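This report refers to the structure that appears directly beneath it.
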Amino acid sequence: MPPTIAFIGSGNLGRTIAQLAAEAGFDVVLSNSRGPETLTDLVAELPGHARATTPAQAAQAADLVVVSLPFHAMEQLPAEALAGKTVIDTMHYFPDRDGRLAELDERRTTSSELLQRRLPDSPIVKTLSSMDFIRMYSGARPIGHPERSALPVTGNDAEAKAEVARFMDTIGYDAVDIGSLADSWRHEAGIPMNVLPYIGEPPKGMNQEQAHDWVYNGPSAVVSASHVRELTDQATRTGRVGLFPEDLFPVDK
Ligand SMILES: NC(=O)c1ccc[n+]([C@@H]2O[C@H](COP(=O)([O-])OP(=O)(O)OC[C@H]3O[C@@H](n4cnc5c(N)ncnc54)[C@H](OP(=O)(O)O)[C@@H]3O)[C@@H](O)[C@H]2O)c1
């Protein structure tokens, strides 16, 4: 029997990881907020035995569950159905989208620690969140490929991190363990590790609109495991929390 992986949230990023998983031979179970009937087209596009269901049923269908929602929607996650399941947290906190959370704005905790608090019986592993969904798909490479990229991983449970690293291996990425959920700010949105290393060197003198376009349509770059380590080691917890990648570019206003 092929392994099964479930998704709560099947938007841009969730469906991209689902596509990579289905191509790697996983049976994929998808869910969203509007109901399984809205995922019929996506299910039909995926190879293998993909299906769609409700979030609670998706959680029950697999031992590994990818949660890929706007961060504010994590309050609606089915905690009971997720108990005992390893949860991959791909979410970022963007105050402009998610509403302000003082604990995060004041850097007293991390978004993944808040998720762990919401799902106390599910080991949380934050990863697959450092690239935009377009490059996530186009950048996947088999083990040993010279253009294979690495992604940072954080979590409190070593076994869960190892399980997630094996999954990442099969879908095309090396996992770099950079610590616990308390360390996960090192790859949150607004930290230079997020998105920027995976895109080509931006030309100088772009305006805000050109910078936005470069983030989503510019070229890709390969990021090695040692580069991930270097970037996350050097990260500093300063500046505003939850900035978009283009906010970090030096742009002409
Ligand atoms: N997009 C990227 O490139 C990228 C990269 C790194 C990290 N991220 C992070 O990953 C997360 C997902 O981003 P995205 O771009 O994929 O968002 P998106 O395209 O807006 O998709 C969000 C998904 O979450 C579902 N959803 C919302 N509320 C839900 C609920 N209460 N229960 C179940 N499903 C719910 C939506 O379902 P409905 O459509 O039915 O409402 C949709 O399938 C965000 O936290 C984002 O910051 C995204």
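Side-chain atoms are counted along with the backbone in the values below, which use heavy atoms only and exclude waters and symmetry mates. Please read these numbers as outputs of a predicted model, since none were measured by experiment. We count residues from 1, following the sequence as given. Every number for a ligand or one of its atoms is a count from 1 in the order of the listing.
- For the residue pair A59 and I8, the shortest heavy atom distance occurs at CB-CD1, 4.4 Å.
- Here the heavy atom of the protein found nearest to atom 40 (O) of ligand 1 is R34 NE, 2.7 Å.
- When each atom of ligand 1 is checked for a heavy atom of A73 under 4.0 Å away, the hits are 28 (N), 31 (N).
- In this structure, the protein non-hydrogen atom closest to atom 21 (O) of ligand 1 is G11 CA, 3.3 Å.
- Near S129, with a cut-off below 4.0 Å to any heavy atom, the atoms of ligand 1 are 6 (C), 7 (C).
- Of the protein's non-hydrogen atoms, F133 N, 2.7 Å is the one closest to atom 3 (O) of ligand 1.
- Listed for the Q210 side chain is a donor-acceptor partner under 3.5 Å among the backbone atoms of N207.
- At least one heavy atom of L69 sits closer than 4.0 Å to an atom of ligand 1.
- Per-residue contacts place G9 under 4.0 angstrom from the following atoms of ligand 1 (heavy atoms of the residue considered): 23 (C), 24 (O), 25 (C), 43 (O).
- For the pair Y93 and A189, the tightest heavy-atom approach, listed with the atom from each and the gap, is O-CB, 4.5 Å.
- Residue D132 has at least one heavy-atom neighbour below 4.0 Å for each of these atoms of ligand 1: 3 (O).
- For CD of E80, the number of neighbouring non-hydrogen atoms (other residues, nucleotides, ligands) closer than 6.0 Å is 12 at most.
- Atom 10 (O) of ligand 1 has T90 O, 3.3 Å as its closest protein atom, hydrogens excluded (heavy atom only).
- Environment of NE2 in H145: crowded, with over 12 heavy atoms of neighbouring residues, nucleotides or ligands closer than 6.0 Å.
- Per-residue contacts place Q76 under 4.0 angstrom from the following atoms of ligand 1 (heavy atoms of the residue considered): 31 (N).
- For R97, the heavy-atom gap to ligand 1 drops under 4.0 angstrom.
- No heavy atom of E75 sits closer than 4.0 Å to any atom of ligand 1.
- Each of the following atoms of ligand 1 lies closer than 4.0 Å to a heavy atom of M91: 45 (O).
- Residue E37 places its CD atom among more than 12 non-hydrogen atoms of other residues, nucleotides or ligands, all under 6.0 Å distant.
- Ligand 1 is approached by F94 to a heavy-atom distance shorter than 4.0 Å.
- Protein heavy atom nearest atom 48 (C) of ligand 1, with residue, atom name and distance: L13 CD2, 3.7 Å.
- Looking from atom 41 (O) of ligand 1 to the surrounding protein, the closest heavy atom is S33 OG, 2.6 Å.
- The pair D41-R15 does not count as a salt bridge, with every side-chain nitrogen at least 4.0 angstrom from each carboxylate oxygen.
- Nearest protein neighbour of atom 15 (O) of ligand 1, counting heavy atoms only, is N12 CB, 3.6 Å.
- A donor-acceptor distance shorter than 3.5 angstrom exists from the side chain of Y173 to the backbone of A140, with no hydrogens or angles considered.
- Atoms of ligand 1 lying under 4.0 Å from any heavy atom of M131, numbered from 1 in the order shown and given with element: 5 (C), 6 (C).
- Annotation for R141 and R148: closest pair O-NH1, 2.9 Å, computed over non-hydrogen atoms.
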Check against side-chain hydrogen bond (donor to acceptor under 3.5 Å, both in side chains), T110 and S112
CA-CA 5 Å; T110 63; S112 293; 5.1 Å; no

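- When only non-hydrogen protein atoms are considered, atom 43 (O) of ligand 1 lies nearest to S10 N, 2.9 Å.
- Taking the six-membered ring where tryptophan is involved, the planes of F94 and F244 are essentially parallel, since the angle between them stays under 30° and well short of 60°.
- The two residues R186 and T232 make their nearest non-hydrogen contact at NH1-O, 2.7 Å.
- Atoms of ligand 1 found under 4.0 Å from any heavy atom of S68, numbered from 1 in the order shown, are 10 (O), 11 (C), 12 (C), 22 (C), 23 (C), 24 (O).
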